[in-house]
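Okay, so here's the structure we're looking at.
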Amino acid sequence: MRRNIIICFICILAILLSGCSVEKVVLPAQKEVTDKTLKDVFKEHGMKIGTCVSSYVIDKKDTSDLILEQFNSVTMENAMKPDYILNQDKCKAEGKLVVEYNSEALSILKWAKKNNLSMRGHTLIWYSQTPEWIFREGFESNGSFVGREEMLSRMESFISSNFETLKNLGYIDCFYAYDIINEAIMEDGSLRQNHWTETIGDDYLWYAFYFADKYAPQTIDLYYNDYNEQYKAEYLVSIVNTLKDDTGRNLIDGIGLQAHLFTADDLTNYLSAVDTLAETGLKLELTEVDVGLGKYQSPLSATNEHLKEQGRYCYELINGLFERADSRKIKIDAITFWGFSDGFSWRKEYSPQLYDADLDPKYSLYGVLQIKEYSGY
Ligand code: GLA
């Protein structure tokens, strides 16, 4: 009886374990398949290719080597977000919003400059990862909310101090693009209500670009960045069309498409949203690409079949973008992936990146490199 219970227990355990573990899919190494790196392939289409970075990936030799070999642009995953660059005591002392980079941001800036990487700035005006005290009297955590004029002047000091700081530190020339506003529009086209709308009003968007245009050097393109762009394209067009000065000159240079996609997302719809956004005449950049297996809240496991589907998806997505760039249908300088390895992705449960957790190539890598034979076809 006892023996039967033990055998039964072992069988159940074996069934459970076999359901959880998926055998690793092994593809030939990148160097055996092609002598081109990601940045070689993108250069042929006039583009940079980027990844987001943290001090964790730049401090480790294997990940840092991979980034330097394959990519030529980086975005800080977190270290340049408002939460990380605004120091409450310093703002109280100076009576305005002043920027101070922390040690992670400084070490990434140093590393990027030393290695000749271009940089995207991300991000200044956002509803999330932004300290609430910046909206309050005296920069006190329990102060009441300030009025429109005070908040406009804080926004101006925040934006000017950011570009001034980068200039004084000697890094301003590393930047070619900056996300001035992140995620301001809802799926129904309404403006997201947040502390910026509460204190300033709906025209905070216009002022953000007005100040950025005033203080950023001409060499940095100013971007509006958002997610679910394929469902918001018409609304994004009508918002960016309002971002002009009184002579009709654009205060904005580009639209950032985050491109947090899933293999279940319709690619034809996605590329037609790209075409709609291109009609604004602004530059477009895919800024945070990852292609998750499955769909939102329903990840699929990393089986050979699912990874092949992801590889084909990446092949078609990048192919559609290369075709549009080559025929000048869209103006696009760069495509940035939100990471490069499934091991460090913020959406790791969806296995959304180009290399697996061991930094081995996936079909998705070969899809992006446009090598059809290994892209899962
Ligand atoms: C958004 C932001 C990014 C990042 C991701 C999650 O896409 O723009 O900065 O926070 O969410 O990692």
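In each ligand, atom 1 is the first atom listed, and ligand 1 is the first ligand listed. What you are looking at is a predicted structure, and each value in this text was computed from that prediction instead of being measured.
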Check: Considering residues at least two apart in sequence or located in another chain, which fulfil the ring pair (Phe, Tyr, Trp, His ring centres under 6.0 Å) criterion with Trp126?
Finding: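 Trp126: no ring pair (Phe, Tyr, Trp, His ring centres under 6.0 Å) contacts found.
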
Could you give the N/O to N/O pairs under 3.5 Å linking ligand 1 and the protein, each with its distance?
residue: ligand 1; atom: 7 (O); partner: Gln258; partner atom: OE1; Å: 2.8
residue: ligand 1; atom: 7 (O); partner: His260; partner atom: NE2; Å: 3.1
residue: ligand 1; atom: 7 (O); partner: Glu288; partner atom: OE1; Å: 2.4
residue: ligand 1; atom: 8 (O); partner: His122; partner atom: NE2; Å: 3.3
residue: ligand 1; atom: 8 (O); partner: Asn182; partner atom: ND2; Å: 3.0
residue: ligand 1; atom: 8 (O); partner: Gln258; partner atom: NE2; Å: 3.3
residue: ligand 1; atom: 8 (O); partner: Glu288; partner atom: OE1; Å: 3.4
residue: ligand 1; atom: 8 (O); partner: Glu288; partner atom: OE2; Å: 2.7
residue: ligand 1; atom: 9 (O); partner: Lys81; partner atom: NZ; Å: 2.9
residue: ligand 1; atom: 9 (O); partner: His122; partner atom: NE2; Å: 2.5
residue: ligand 1; atom: 10 (O); partner: Lys81; partner atom: NZ; Å: 2.8
residue: ligand 1; atom: 12 (O); partner: Trp338; partner atom: NE1; Å: 3.4

Item checked: Which residues share a salt bridge (Lys or Arg N to Asp or Glu O under 4.0 Å) with Glu94, sequence neighbours left out ->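 Per chain and number, Glu94 pairs via salt bridge (Lys or Arg N to Asp or Glu O under 4.0 Å) with no residue.
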
Check: Which residue, Lys81, Gln129, Gln258, forms the side-chain hydrogen bond (donor to acceptor under 3.5 Å, both in side chains) with Asn182?
Finding: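 Result: among Lys81, Gln129, Gln258, Gln258 is the only option passing the side-chain hydrogen bond (donor to acceptor under 3.5 Å, both in side chains) with Asn182.
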
Check: Does the gap between the ring centers of Tyr363 and Tyr374 come in under 6.0 Å?
Finding: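 When the ring centroids of Tyr363 and Tyr374 are compared, they turn out to be at least 6.0 Å apart.
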
Notebook entry, point to check: Do the ring planes of Phe262 and Tyr350 sit parallel (below 30°), tilted (30 to 60°) or perpendicular (above 60°)?
Noted result: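 Ring orientation of Phe262 relative to Tyr350: perpendicular.
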
Next item on the list: With sequence neighbours excluded, give me every side chain to side chain donor-acceptor pair (under 3.5 Å) pair touching residues 313-323.
Entry: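 Side chain to side chain donor-acceptor pair (under 3.5 Å) check on residues 313-323 returns Glu316-Tyr377, Asn319-Gln370.
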
